[in-house]
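Please read all numbers here as calculations on a predicted model, not as lab measurements. Every number for a ligand or one of its atoms is a count from 1 in the order of the listing.
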Amino acid sequence: MNNLHGKVCIVTGSTSGIGLVTAKELSKMGATTVLVARDEVRGKAALIEVTEYSKNDSVDLMICDFSLQSSIVTFTEAFKSKYERLDILVNNAGMMSNERIETDSGIELTFAVNHLGYFITSNLLLDMLIDTPASRIVNVASDLHLNGKIDPNNLMHKHDYHGFTAYCDSKLANLLFTYKMADILQGSDTTINAVHPGVIKTKFGIVDRNSNRSFPMGRVSPEDGAKAQIYLSVSPKVHDVSGKYFNEMCMERSSAMSYDEELADVLWQKSIDYIAQNKSLIRG
Ligand SMILES: NC(=O)c1ccc[n+]([C@@H]2O[C@H](COP(=O)([O-])OP(=O)(O)OC[C@H]3O[C@@H](n4cnc5c(N)ncnc54)[C@H](OP(=O)(O)O)[C@@H]3O)[C@@H](O)[C@H]2O)c1
């Protein structure tokens with residue numbers, strides 16, 4: 001059991017699934033744990049669950065809908081004005097949608113939440129992460145990135161939307177982002193890694209909420225499924241590992257496309273182009 005007393009962690013998507021388990025375990029290790037939820041009622045329920053489980057009162061709730069850039073800016077600014085350090089950022093909030101939906105800024109929802117959510121949050125908190133000794137960013141990706149084929153001219157999938165394809169592309173984007181950010185962070189004390197947590201029985205990808213039929217049909221419990229991201233968040237074994245992909249707890253090579261540096265640069269620039277607010281705070 002690691003001792004995280006005095007450390008501050010953020011876990012996004014901590015109302016359910018592996019995000020909730022991650023928040024519970026980091027809190028149990030003594031961290032001040034900031035839960036991030038888009039829904040206040042679900043957020044408050046998670047706050048109670050995490051506090052009761054960990055017997056640690058240093059649990060906070062901040063509201064953010066990662067599909068809305070203004071909400072990410074409000075959340076990160078609130079965090080920076082309340083806290084002086086950020087030791088662990090777990091970018092975990094994610095979704096998949098059968099229908100093509102656009103956000104208020106005209107961005108396809110899966111790309112907005114799964115990629116821009118991680119991209120903007122990490123960038124807006126980057127100075128604080130860099131100022132905090134041995135800080136870590138953990139991006140929850142997926143082995144489904146192997147099916148991803150990002151076309152920089154078709155990031156919005158305007159005419160060929162398919163929920164599964166958009167999801168796989170967004171998880172490939174998580175890897176392209178992780179590797180480029182690791183380059184930017186070289187020479188700093190901050191690490192960034194991506195993880196496929198396994199195929200887990202969570203609320204993820206529920207297709208038919210009445211029958212609870214879901215995709216993927218995970219068999220692993222959220223408690224087991226959260227182990228890899230907790231490992232990357234706290235284990236001394238990976239304290240100096242950065243810019244890597246872990247399939248559960250094993251470091252592996254990800255898809256060939258995920259290492260395409262030119263594609264990573266284009267995705268980075270296009271991501272900045274999609275940002276309406278605080279553009280100047282983004283590196284690269
Ligand atoms: N389950 C798997 O087999 C599996 C496999 C590979 C990767 N993953 C990845 O693991 C991560 C966690 O998923 P999970 O399996 O734990 O699923 P989950 O139980 O559905 O949890 C997803 C979390 O993300 C939050 N979220 C979704 N959209 C959001 C938004 N717009 N703004 C803020 N929060 C939002 C959800 O909040 P609400 O409660 O408000 O919906 C929930 O807390 C995701 O990134 C997913 O891609 C999962």
Need the ligand 1 atom indices (1-based, order shown) with element for anything under 4.0 Å from a heavy-atom of [X].
X    : value
S142 : 6 (C), 7 (C)
P197 : 6 (C), 7 (C), 8 (N)
S16  : 18 (P), 19 (O), 21 (O), 42 (C), 43 (O)
Y118 : 45 (O)
V140 : 9 (C), 10 (O), 11 (C), 45 (O)

Against ligand 1, does [X] come closer than 4.0 Å with any heavy atom?
X    : value
M96  : no
F75  : no
A46  : no
G225 : no

**Request:** Could you check Y245 against Y179 for ring pair (Phe, Tyr, Trp, His ring centres under 6.0 Å), going step by step and ending with a plain yes or no?
**Result:** CA-CA 9 Å; Y245 170 66; Y179 300 150; 7.9 Å; no
**Request:** Determine, for F75 and R38, whether the Lys NZ or Arg CZ falls below 6.0 Å from the six-membered ring centre while staying within 45 degrees of the axis.
**Result:** no
**Request:** For atom 37 (O) of ligand 1, state which one of L35, T15, V90 supplies the nearest heavy atom.
**Result:**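 It is T15 whose heavy atom sits nearest to atom 37 (O) of ligand 1.
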**Asked** Can you tell which of T15, L35, V50 makes a side-chain contact (heavy atoms from CB on, under 4.5 Å) with L20?
**Response** V50
Backbone or side-chain N or O of [X] under 3.5 Å from ligand 1 N or O:
X    : result
V199 : no
T202 : yes
I18  : yes
R38  : yes
G13  : yes
I200 : yes
N92  : yes

**Request:** Hey, can you tell me if H157 and Y161 have their rings parallel, tilted or perpendicular (30° and 60° cut-offs)?
**Result:** perpendicular
**Message:** Checking contacts here: is it the side chain or the backbone of K201 that comes within 4.0 Å of ligand 1, counting heavy atoms only? Could be both or neither.
**Reply:**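 No part of K201 is near ligand 1 at this cut-off.
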**Asked** Ion pair present between D273 and K270, side-chain N to carboxylate O less than 4.0 angstrom?
**Response**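 K270 and D273: not salt-bridged.
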**Prompt:** CD of E261: more than 12 outside heavy atoms within 6.0 angstrom?
**Reply:**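 Counting neighbours around CD of E261, 12 or fewer heavy atoms of other residues, nucleotides or ligands fall under 6.0 Å, so no.
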